[in-house]
Amino acid sequence: MSVELFRANRGLLHKFARRYARIDTAVGIDDLMQAGYMGLVEAERTFDASKGKSWAGWAAFYIRRRCGRPWGSIRRGSALTFTLYRWTRR
């Protein structure tokens, strides 16, 4: 089940991994892919279609949440850097 889940959502994982890798090169894209995959598994576990949410939006939330976690542990200013990056991209 997890292999099919990964293959079906590989593009979504790559999208967020590339986005976070551009912001800070201290975290490798492979590490971000792994964190995103963990978020994808968590999204699958908590997803309920009867609540009217789309799978892509639900999965994106958990992938972003997991990919954002390595920031604080790698470098102290990373969370601030990411916040400023998101603020300027609006």
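Starting from 1, each residue takes its place in the sequence as its number.
Note that CG of N9 is 9.0 Å distant from CD of E44, once rounded to the nearest 0.5 Å. A distance of 12.5 Å separates CD1 in I29 from CZ in R19, rounded to the nearest 0.5 Å.
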Tell me which donor-acceptor pairs under 3.5 Å the side chains of residues 10-18 have, and how far apart each pair is, sequence neighbours excluded?
none

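Taking 4.5 Å as the limit, every side-chain heavy atom of F61 sits out of range of all side-chain heavy atoms of K53.
Under the ring pair (Phe, Tyr, Trp, His ring centres under 6.0 Å) criterion, Y62 pairs with W58, not counting sequence neighbours. The side-chain hydrogen bond (donor to acceptor under 3.5 Å, both in side chains) search around D30 returns none, not counting sequence neighbours.
The hydrophobic cluster containing F47 does not contain M38, counting ILVMFWY residues as joined when their side-chain heavy atoms lie under 4.5 angstrom apart, directly or transitively.
Heavy atoms only, all atoms of each residue included: F6 and L40 are closest at CA-CD2, 4.4 Å. Between A59 and A43 the shortest heavy-atom distance is CA-CB, 3.8 Å.
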